[in-house]
Amino acid sequence: MKGTVVKSTGSSCVVLLDNGDQINATLKGIFRTKGIDSTNPLAVGDKVGLIISEDGDGLIEEIEERKNHIIRKATKLSKRSHIVAANIDCAYLMVTLSKPKTHLLFIDRFLVTAEAYHIPARIIINKTDLYDEKLKKQLAEVIETYESAGYKCFPISALDKKSIDGLSELFANSVNLMAGNSGVGKSTLINALDPNLNIKTNEVSSHHGTGKHTTTFAEMHRLKNGGFIIDTPGLKSFATYDMEKEDLSHRFPEMRKLMGQCQFGNCQHINEPKCAILSALEAGEIAKTRYKNYLDIYNSDKIEGFR
Ligand code: GDP
Ligand code: ZN
(Lines give C-alpha, C1' and ligand atoms only; values in the text may rest on other atoms or scores of the structure.)
(Ligands and ions follow the chains in the order given, each with its own letter.)
Protein backbone atom coordinates (compact mmCIF):
# COMPACT_ATOMS: atom_id res chain seq x y z
CA MET A 1 0.00 0.00 0.00
CA LYS A 2 1.18 3.56 -0.72
CA GLY A 3 0.64 6.77 1.16
CA THR A 4 2.01 10.16 2.14
CA VAL A 5 3.29 11.20 5.56
CA VAL A 6 1.09 14.08 6.75
CA LYS A 7 2.43 14.41 10.28
CA SER A 8 5.63 13.14 11.84
CA THR A 9 6.95 13.27 15.35
CA GLY A 10 10.11 11.25 14.78
CA SER A 11 9.78 7.58 14.01
CA SER A 12 6.00 7.47 14.38
CA CYS A 13 3.75 9.35 12.03
CA VAL A 14 0.36 9.73 10.42
CA VAL A 15 0.05 8.50 6.83
CA LEU A 16 -2.65 9.49 4.37
CA LEU A 17 -3.27 6.42 2.26
CA ASP A 18 -3.96 6.73 -1.43
CA ASN A 19 -7.52 5.50 -0.73
CA GLY A 20 -8.12 8.56 1.49
CA ASP A 21 -7.86 6.88 4.92
CA GLN A 22 -5.45 8.15 7.56
CA ILE A 23 -3.58 5.76 9.81
CA ASN A 24 -0.85 5.87 12.43
CA ALA A 25 2.33 4.25 11.26
CA THR A 26 5.80 3.40 12.45
CA LEU A 27 8.96 2.45 10.66
CA LYS A 28 9.87 -1.15 10.18
CA GLY A 29 13.60 -1.32 10.77
CA ILE A 30 16.14 1.44 10.57
CA PHE A 31 16.30 3.94 7.75
CA ARG A 32 18.97 6.43 7.05
CA THR A 33 18.87 9.39 4.74
CA LYS A 34 21.80 9.38 2.38
CA GLY A 35 24.17 12.25 3.02
CA ILE A 36 22.20 13.78 5.90
CA ASP A 37 22.88 13.14 9.55
CA SER A 38 19.27 13.59 10.56
CA THR A 39 17.39 13.05 13.77
CA ASN A 40 14.23 11.93 11.99
CA PRO A 41 14.09 9.42 9.16
CA LEU A 42 10.53 10.38 8.18
CA ALA A 43 9.39 13.79 7.10
CA VAL A 44 6.06 15.31 6.23
CA GLY A 45 5.55 14.90 2.49
CA ASP A 46 7.45 11.60 2.29
CA LYS A 47 5.91 9.03 -0.02
CA VAL A 48 5.98 5.66 1.68
CA GLY A 49 5.18 2.03 0.99
CA LEU A 50 3.62 0.23 3.95
CA ILE A 51 1.72 -2.79 5.19
CA ILE A 52 -1.14 -2.73 7.67
CA SER A 53 -0.52 -4.73 10.83
CA GLU A 54 -3.21 -6.70 12.71
CA ASP A 55 -4.01 -3.82 15.03
CA GLY A 56 -4.71 -1.57 12.04
CA ASP A 57 -1.54 0.51 12.31
CA GLY A 58 0.85 0.91 9.42
CA LEU A 59 4.34 -0.48 9.17
CA ILE A 60 6.48 1.51 6.77
CA GLU A 61 8.76 -0.63 4.69
CA GLU A 62 9.93 1.86 2.13
CA ILE A 63 10.51 5.60 1.82
CA GLU A 64 10.54 6.75 -1.78
CA GLU A 65 13.42 8.89 -2.94
CA ARG A 66 12.70 12.56 -2.22
CA LYS A 67 12.37 15.07 -5.03
CA ASN A 68 13.60 17.69 -2.54
CA HIS A 69 13.57 18.36 1.19
CA ILE A 70 14.23 21.14 3.61
CA ILE A 71 16.11 20.74 6.84
CA ARG A 72 16.76 22.70 9.95
CA LYS A 73 19.29 22.18 12.69
CA ALA A 74 18.03 19.74 15.30
CA THR A 75 19.03 22.14 18.04
CA LYS A 76 20.82 25.43 17.95
CA LEU A 77 24.32 24.04 18.44
CA SER A 78 23.79 20.64 16.91
CA LYS A 79 25.51 19.42 13.77
CA ARG A 80 22.63 17.03 13.21
CA SER A 81 19.65 18.15 11.26
CA HIS A 82 15.93 17.69 11.31
CA ILE A 83 14.14 17.13 8.02
CA VAL A 84 11.15 19.45 8.08
CA ALA A 85 9.36 18.48 4.90
CA ALA A 86 9.90 16.73 1.58
CA ASN A 87 8.59 16.70 -1.99
CA ILE A 88 7.56 20.35 -2.07
CA ASP A 89 6.28 21.89 -5.31
CA CYS A 90 6.35 25.48 -4.11
CA ALA A 91 7.34 27.33 -0.92
CA TYR A 92 5.19 30.27 0.10
CA LEU A 93 6.42 32.83 2.57
CA MET A 94 3.64 34.77 4.24
CA VAL A 95 4.64 38.25 5.33
CA THR A 96 2.86 41.31 6.69
CA LEU A 97 3.88 44.94 6.52
CA SER A 98 2.17 45.61 9.83
CA LYS A 99 1.06 43.61 12.89
CA PRO A 100 3.64 42.07 12.86
CA LYS A 101 6.01 43.78 10.43
CA THR A 102 8.18 41.31 8.51
CA HIS A 103 11.73 42.47 7.88
CA LEU A 104 12.99 42.38 4.31
CA LEU A 105 16.15 40.60 5.47
CA PHE A 106 13.98 37.77 6.76
CA ILE A 107 12.29 37.56 3.35
CA ASP A 108 15.60 37.55 1.50
CA ARG A 109 17.08 34.86 3.74
CA PHE A 110 14.04 32.71 3.10
CA LEU A 111 14.33 33.21 -0.66
CA VAL A 112 18.05 32.46 -0.64
CA THR A 113 17.34 29.23 1.20
CA ALA A 114 14.58 28.21 -1.20
CA GLU A 115 16.98 28.88 -4.09
CA ALA A 116 19.61 26.69 -2.44
CA TYR A 117 17.06 23.89 -2.26
CA HIS A 118 15.90 24.56 -5.83
CA ILE A 119 12.35 24.99 -4.60
CA PRO A 120 10.29 27.67 -6.38
CA ALA A 121 9.21 30.39 -3.94
CA ARG A 122 6.38 32.93 -3.85
CA ILE A 123 5.41 35.64 -1.41
CA ILE A 124 2.01 36.19 0.16
CA ILE A 125 1.56 39.65 1.65
CA ASN A 126 -1.30 39.45 4.13
CA LYS A 127 -3.46 41.83 6.17
CA THR A 128 -3.74 44.36 3.34
CA ASP A 129 -7.11 45.35 4.86
CA LEU A 130 -5.11 47.08 7.61
CA TYR A 131 -2.85 49.12 5.33
CA ASP A 132 -3.15 52.89 5.31
CA GLU A 133 -1.89 55.05 2.45
CA LYS A 134 1.71 54.86 3.62
CA LEU A 135 1.65 51.07 3.90
CA LYS A 136 -0.10 50.77 0.55
CA LYS A 137 2.79 52.65 -0.98
CA GLN A 138 5.24 50.32 0.77
CA LEU A 139 3.21 47.36 -0.47
CA ALA A 140 3.62 48.53 -4.06
CA GLU A 141 7.37 48.90 -3.53
CA VAL A 142 7.74 45.46 -1.99
CA ILE A 143 5.81 43.89 -4.86
CA GLU A 144 7.92 45.75 -7.41
CA THR A 145 11.15 44.66 -5.71
CA TYR A 146 10.28 40.97 -5.55
CA GLU A 147 8.42 40.59 -8.81
CA SER A 148 11.28 42.17 -10.71
CA ALA A 149 13.62 39.70 -8.99
CA GLY A 150 11.38 36.90 -10.24
CA TYR A 151 9.16 36.10 -7.24
CA LYS A 152 5.43 36.26 -7.72
CA CYS A 153 3.65 38.23 -4.98
CA PHE A 154 0.09 37.85 -3.75
CA PRO A 155 -1.30 40.76 -1.76
CA ILE A 156 -4.30 39.39 0.17
CA SER A 157 -6.43 39.71 3.22
CA ALA A 158 -7.08 36.29 4.67
CA LEU A 159 -10.35 37.75 5.98
CA ASP A 160 -11.57 38.52 2.45
CA LYS A 161 -12.49 35.37 0.51
CA LYS A 162 -12.35 37.08 -2.86
CA SER A 163 -8.71 38.09 -2.43
CA ILE A 164 -7.60 34.47 -2.03
CA ASP A 165 -9.26 32.94 -5.09
CA GLY A 166 -6.08 33.15 -7.14
CA LEU A 167 -4.05 31.39 -4.45
CA SER A 168 -6.68 28.71 -4.05
CA GLU A 169 -6.33 27.83 -7.73
CA LEU A 170 -2.55 27.66 -7.44
CA PHE A 171 -2.70 25.33 -4.44
CA ALA A 172 -4.90 22.79 -6.23
CA ASN A 173 -3.24 19.44 -6.86
CA SER A 174 0.19 20.50 -5.63
CA VAL A 175 2.21 20.34 -2.43
CA ASN A 176 2.82 23.78 -0.99
CA LEU A 177 4.91 24.75 1.99
CA MET A 178 3.64 27.67 4.06
CA ALA A 179 6.22 29.52 6.14
CA GLY A 180 6.23 32.82 7.94
CA ASN A 181 6.53 34.34 11.36
CA SER A 182 3.85 33.47 13.82
CA GLY A 183 0.95 35.87 13.81
CA VAL A 184 1.08 36.75 10.11
CA GLY A 185 -2.10 34.80 9.35
CA LYS A 186 -1.07 31.38 8.01
CA SER A 187 -3.73 29.45 9.94
CA THR A 188 -6.37 32.01 9.06
CA LEU A 189 -5.57 31.60 5.36
CA ILE A 190 -5.57 27.80 5.50
CA ASN A 191 -8.95 27.84 7.26
CA ALA A 192 -10.30 30.28 4.68
CA LEU A 193 -9.17 27.96 1.87
CA ASP A 194 -10.91 25.04 3.51
CA PRO A 195 -13.10 25.75 6.55
CA ASN A 196 -13.34 22.01 7.31
CA LEU A 197 -9.73 22.09 8.49
CA ASN A 198 -10.52 24.32 11.44
CA ILE A 199 -6.92 25.02 12.42
CA LYS A 200 -6.33 26.86 15.66
CA THR A 201 -5.38 30.46 15.02
CA ASN A 202 -3.06 32.59 17.01
CA GLU A 203 -4.28 35.79 18.63
CA VAL A 204 -1.73 38.52 18.08
CA SER A 205 -0.83 39.99 21.44
CA SER A 206 -1.53 43.68 21.38
CA HIS A 207 1.67 44.26 23.33
CA HIS A 208 4.22 42.86 20.88
CA GLY A 209 2.15 42.64 17.72
CA THR A 210 3.42 39.09 17.26
CA GLY A 211 1.70 35.78 17.82
CA LYS A 212 2.57 32.96 20.19
CA HIS A 213 3.52 29.56 18.85
CA THR A 214 0.81 26.97 19.31
CA THR A 215 2.31 23.92 17.58
CA THR A 216 5.81 22.87 16.70
CA PHE A 217 5.63 19.98 14.25
CA ALA A 218 5.12 20.48 10.56
CA GLU A 219 1.80 19.16 9.37
CA MET A 220 0.34 18.62 5.95
CA HIS A 221 -3.28 19.57 5.36
CA ARG A 222 -5.28 18.33 2.42
CA LEU A 223 -7.49 21.00 0.90
CA LYS A 224 -10.86 20.20 -0.60
CA ASN A 225 -9.51 21.20 -4.04
CA GLY A 226 -6.95 18.39 -3.95
CA GLY A 227 -4.00 20.55 -2.98
CA PHE A 228 -1.81 20.19 0.07
CA ILE A 229 -0.44 22.81 2.42
CA ILE A 230 2.43 22.03 4.72
CA ASP A 231 2.12 24.22 7.76
CA THR A 232 5.48 24.77 9.45
CA PRO A 233 4.93 26.43 12.80
CA GLY A 234 7.99 28.14 14.16
CA LEU A 235 10.07 27.40 11.08
CA LYS A 236 12.76 29.92 11.74
CA SER A 237 16.00 28.05 11.68
CA PHE A 238 15.87 26.81 8.15
CA ALA A 239 19.42 25.60 7.55
CA THR A 240 21.44 25.03 4.44
CA TYR A 241 24.77 23.49 5.05
CA ASP A 242 26.21 23.49 1.60
CA MET A 243 26.13 27.18 0.85
CA GLU A 244 29.41 28.97 0.40
CA LYS A 245 29.79 32.73 0.45
CA GLU A 246 31.12 32.57 -3.09
CA ASP A 247 27.84 31.06 -4.29
CA LEU A 248 25.54 33.51 -2.55
CA SER A 249 24.99 35.73 -5.58
CA HIS A 250 23.79 32.67 -7.50
CA ARG A 251 20.90 32.52 -5.02
CA PHE A 252 19.66 35.94 -6.13
CA PRO A 253 17.98 35.36 -9.52
CA GLU A 254 18.46 38.96 -10.64
CA MET A 255 22.21 38.61 -9.98
CA ARG A 256 22.42 35.09 -11.34
CA LYS A 257 21.17 36.47 -14.65
CA LEU A 258 24.32 38.58 -14.93
CA MET A 259 26.79 35.85 -14.04
CA GLY A 260 29.81 35.80 -16.26
CA GLN A 261 29.48 39.47 -17.16
CA CYS A 262 31.79 40.86 -14.46
CA GLN A 263 35.40 41.55 -15.38
CA PHE A 264 36.71 39.08 -12.83
CA GLY A 265 35.56 35.48 -12.82
CA ASN A 266 35.66 35.36 -9.04
CA CYS A 267 33.92 38.74 -8.58
CA GLN A 268 31.99 38.94 -5.31
CA HIS A 269 30.23 42.13 -6.44
CA ILE A 270 31.38 44.23 -3.51
CA ASN A 271 33.91 46.77 -4.79
CA GLU A 272 35.55 45.13 -7.79
CA PRO A 273 36.02 47.19 -10.96
CA LYS A 274 33.76 46.54 -13.96
CA CYS A 275 31.27 44.54 -11.92
CA ALA A 276 28.05 43.87 -13.87
CA ILE A 277 26.03 43.67 -10.68
CA LEU A 278 27.24 46.98 -9.28
CA SER A 279 26.43 48.54 -12.67
CA ALA A 280 22.94 47.04 -12.62
CA LEU A 281 22.48 48.34 -9.07
CA GLU A 282 23.55 51.80 -10.21
CA ALA A 283 21.13 51.61 -13.13
CA GLY A 284 18.28 50.68 -10.77
CA GLU A 285 17.89 47.21 -12.26
CA ILE A 286 18.66 45.54 -8.94
CA ALA A 287 16.71 46.72 -5.90
CA LYS A 288 18.82 48.52 -3.30
CA THR A 289 17.28 46.55 -0.45
CA ARG A 290 18.04 43.23 -2.14
CA TYR A 291 21.65 44.22 -2.67
CA LYS A 292 21.97 45.51 0.90
CA ASN A 293 20.65 42.18 2.17
CA TYR A 294 23.04 40.34 -0.13
CA LEU A 295 25.87 42.15 1.68
CA ASP A 296 24.31 41.51 5.10
CA ILE A 297 24.02 37.79 4.45
CA TYR A 298 27.47 37.70 2.84
CA ASN A 299 29.01 39.36 5.88
CA SER A 300 27.21 37.29 8.48
CA ASP A 301 29.45 34.69 10.10
CA LYS A 302 27.69 31.78 8.59
CA ILE A 303 25.22 31.55 5.77
CA GLU A 304 22.38 29.57 7.21
CA GLY A 305 19.22 30.46 5.45
CA PHE A 306 17.10 32.29 7.96
CA ARG A 307 16.80 32.10 11.72
P1 GDP B 1 -0.33 32.34 12.19
O2 GDP B 1 0.42 32.35 13.48
O3 GDP B 1 0.54 32.77 11.06
O4 GDP B 1 -1.02 31.05 11.90
O5 GDP B 1 -1.43 33.50 12.31
P6 GDP B 1 -3.00 33.36 12.57
O7 GDP B 1 -3.71 32.81 11.37
O8 GDP B 1 -3.20 32.66 13.85
O9 GDP B 1 -3.43 34.91 12.67
C10 GDP B 1 -2.95 35.77 13.71
C11 GDP B 1 -3.96 36.88 13.94
O12 GDP B 1 -4.04 37.72 12.80
C13 GDP B 1 -5.39 36.39 14.21
O14 GDP B 1 -5.94 37.20 15.23
C15 GDP B 1 -6.09 36.60 12.89
O16 GDP B 1 -7.47 36.81 13.05
C17 GDP B 1 -5.40 37.84 12.37
N18 GDP B 1 -5.42 37.90 10.89
C19 GDP B 1 -5.06 36.94 10.03
N20 GDP B 1 -5.18 37.35 8.75
C21 GDP B 1 -5.63 38.63 8.80
C22 GDP B 1 -5.95 39.61 7.80
O23 GDP B 1 -5.84 39.42 6.59
N24 GDP B 1 -6.36 40.85 8.26
C25 GDP B 1 -6.47 41.11 9.59
N26 GDP B 1 -6.89 42.33 9.93
N27 GDP B 1 -6.19 40.22 10.55
C28 GDP B 1 -5.77 38.99 10.17
ZN1 ZN C 1 30.57 41.44 -9.94
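Remember, it's 1-based here, ligands and their atoms both numbered in the order they're listed.
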Discussion item. So, applying side-chain hydrogen bond (donor to acceptor under 3.5 Å, both in side chains) with Y298, which one of K245, Q268, H269 is it?
Written reply: Q268

Discussion item. Would G183 count as being in polar contact with ligand 1, using the rule that some N or O on each side must be under 3.5 angstrom apart?
Written reply: yes

Discussion item. As an exercise, identify every atom of ligand 1 less than 4.0 angstrom from a heavy atom of D129.
Written reply: 22 (C), 23 (O), 24 (N), 25 (C), 26 (N)

Discussion item. Distance alone, cut at 3.5 Å: any donor-acceptor contact between the side chains of S174 and D89?
Written reply: no

Discussion item. Nearest 10°: the angle subtended at the Zn ion (ligand 2) by C267 SG and C275 SG?
Written reply: 110°

Practice prompt. Give yes if a backbone or side-chain nitrogen or oxygen of L130 is under 3.5 Å from a nitrogen or oxygen of ligand 1, and no if not.
Written response: no

Response to the item:
In this structure, CE of M1 is separated from CG of D21 (nearest 0.5 Å) by 8.5 Å

Discussion item. Is the terminal nitrogen or CZ of K152 (NZ for Lys, CZ for Arg) located under 6.0 angstrom from the six-membered ring centre of F154 and within 45° of that ring's axis?
Written reply: yes

Worksheet item: To the nearest 0.5 Å, what is the distance between CG (D296) and OH (Y291)?
Response: 11.0 Å

Discussion item. Quick check: I156 and ligand 1, any N/O pair under 3.5 Å apart?
Written reply: no

Fill in: E133 bridged to K136 by N-O distance under 4.0 Å
yes

Discussion item. Using a 4.0 Å heavy-atom cut-off, which part of N126 comes near ligand 1: side chain, backbone, both, or neither?
Written reply: side chain

Worksheet item: Relative to the Zn ion (ligand 2), which of the N, O or S atoms in H269 is the closest?
Response: ND1

Discussion item. Quick check: T128 and ligand 1, any N/O pair under 3.5 Å apart?
Written reply: no

Worksheet item: Short N/O distance, under 3.5 Å, between K186 and ligand 1?
Response: yes

Worksheet entry | Flag side-chain contact, heavy atom, 4.5 Å: M178 against H221 | no

